[in-house]
Number of protein chains: 2
Amino acid sequence: MDAAPELFRALGDATRRVILDELADRDGQTLFEICGRLAMKHGLGSSRQAISQHLAVLEQAGLVHTRRQGRYKFHHLDTGPLRAIVERWPIDRQEPLP
Amino acid sequence: MDAAPELFRALGDATRRVILDELADRDGQTLFEICGRLAMKHGLGSSRQAISQHLAVLEQAGLVHTRRQGRYKFHHLDTGPLRAIVERWPIDRQEPLP
DNA sequence: GTAGTACGCAAGTGGCAGCTTGCCTGTCAA
DNA sequence: TTGACAGGCAAGCTGCCACTTGCGTACTAC
């Protein structure tokens, strides 16, 4: 019935959506990179642990894949799960009639 | 920056997503129709007020438009706001390389 | 008018999600 | 080995969200 509630739960938080924006702008960032850029570009003062937990939620939703390399962990965006949304509720072709 | 947080908030709840499914299956239902069909088809025992509040959230997100006619209030689905999702994070063309 | 229907409003409650805090593990350079 | 860096784990707190409860309003049939 309700496939992938983690997907919608992940999209429900504003900070997580900004993280997706950030990864869409520059893919493969580490946790500290994301923290820094969120503070710089978006003025978000979230702590490192908060961002880490957000990334875990995004990864559980399949929107972010991780790749370990030494002591670094790179995060990659995957917009594939978003396809389930438009497949579930087909989007009309432009505006309705006034 | 973060356009329409109400949209993602509305999609965050499983009951609201089922309501969208129901309206996609049969558009223009009243509150009591939706209550009945949710109980029948989906086994959800939500009260009338709960469904009413869910519909208010969906309407605030622009996913549902209402039309009053006498003492009835018909609810119509509008998937237009969903377009903001796929426009914000473009969906890749099928699977990544293995 | 009266009863019944369809729906709205508002206060109160319980549970969960996001955040913090503190400590720990693993990796690299000196 | 020692220190610094990148990240993880788990308990506790707080605010919000979904739901209930109770009453109120508008429309319709009789």
Side-chain angles (χ1 to χ4, degrees), chain A residues 2 4-23 26-40 42-61 63-76, chain B residues 2 4-23 26-40 42-61 63-76:
Chain A
D2 189 28
E6 307 99 358
L7 170 64
F8 298 99
R9 180 186 177 279
L11 292 176
D13 187 82
T15 303
R16 285 195 285 266
R17 294 195 292 272
V18 177
I19 291 176
L20 293 181
D21 291 336
E22 194 50 50
L23 288 179
R26 170 193 276 236
D27 200 44
Q29 295 188 60
T30 68
L31 173 59
F32 274 55
E33 286 183 89
I34 297 173
C35 287
R37 297 185 61 146
L38 285 195
M40 297 286 289
H42 306 275
L44 298 183
S46 302
S47 68
R48 175 183 62 87
Q49 292 82 348
I51 305 291
S52 178
Q53 289 171 2
H54 281 311
L55 286 171
V57 174
L58 290 171
E59 188 175 7
Q60 199 173 0
L63 290 167
V64 166
H65 295 171
T66 60
R67 167 175 58 94
R68 289 219 69 136
Q69 191 168 348
R71 60 177 162 177
Y72 298 104
K73 188 178 183 183
F74 301 101
H75 299 80
H76 295 269
Chain B
D2 192 28
E6 308 99 358
L7 170 64
F8 298 98
R9 180 185 177 278
L11 292 175
D13 187 82
T15 304
R16 286 196 285 266
R17 294 195 293 272
V18 177
I19 291 176
L20 294 180
D21 291 337
E22 194 50 51
L23 287 179
R26 171 192 276 236
D27 200 44
Q29 295 188 60
T30 68
L31 173 60
F32 274 57
E33 287 183 89
I34 297 173
C35 287
R37 297 185 62 145
L38 284 195
M40 298 284 289
H42 305 275
L44 299 183
S46 302
S47 69
R48 175 183 62 88
Q49 292 83 347
I51 305 292
S52 177
Q53 290 172 0
H54 281 312
L55 286 171
V57 174
L58 290 171
E59 188 175 6
Q60 199 172 359
L63 290 167
V64 166
H65 294 171
T66 59
R67 167 175 58 94
R68 288 220 70 135
Q69 191 168 348
R71 61 176 161 178
Y72 298 105
K73 188 177 183 183
F74 302 101
H75 300 81
H76 296 269

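What you are looking at is a predicted structure, and each value in this text was computed from that prediction instead of being measured. Letters go in sequence order (proteins before strands), and every chain restarts at 1.
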How would nucleotides 17-26 of chain C be written as a contact map, 5' to 3', with B for base contact, S for sugar-phosphate-only contact and - for no contact, using protein heavy atoms under 4.0 Å? SSBBBB----

Specify the separation, in whole Å, of atom CZ of A:Arg68 and atom P of D:dG7. 8 Å

Is there a side-chain contact between A:Leu63 and A:Val57, using heavy atoms and a 4.5 Å cut-off? no

If I take atom NE2 in residue A:His75 and atom C1' in nucleotide D:dA6, what distance separates them, rounded to the nearest angstrom? 11 Å

Would A:Arg9 and A:Gln60 count as a side chain to side chain contact (heavy atoms under 4.5 Å, CB included) here? Give the steps. CA-CA 10 Å; A:Arg9 180 186 177 279; A:Gln60 199 173 0; 5.6 Å; no

Rounded distance in Å - CD (A:Gln69) to P (C:dT27): 13 Å

Upstream residue (5' side of DNA chain C) when B:Phe74 and A:Gly70 are each assigned their closest nucleotide: B:Phe74

Could you give the NZ-to-C1' distance, from A:Lys73 to D:dG8, as a whole number of Å? 9 Å

Whole-Å distance separating the CG atom of B:Leu55 from the P atom of C:dG8: 9 Å

Ignoring backbone atoms, establish whether B:Thr30 has a side-chain N or O less than 4.0 Å from OP1 or OP2 of C:dA6. no

With the side chain counted from C-beta on, respond yes when A:Ile51 and A:Leu44 share a heavy-atom pair under 4.5 Å apart, and no when they do not. no

Measure CZ/B:Arg67 against C1'/C:dC7 and give the value in whole Å, please. 16 Å

With a 4.5 Å limit on heavy-atom distance, are the side chains of A:Lys73 and A:Arg68 in contact? yes

Closest non-hydrogen atoms of A:Ala61 and A:Leu7, given as atom of the first, atom of the second and distance, are CB-CA, 3.8 Å

Starting from P on C:dT27, measure out to CZ on A:Phe32 and report it in whole angstrom. 16 Å

A:Glu59 CD to D:dG7 P, in whole Å, measures 13 Å

Nearest heavy atoms of A:Thr15 and A:Ser46, plus distance in Å: CG2-OG, 4.3 Å

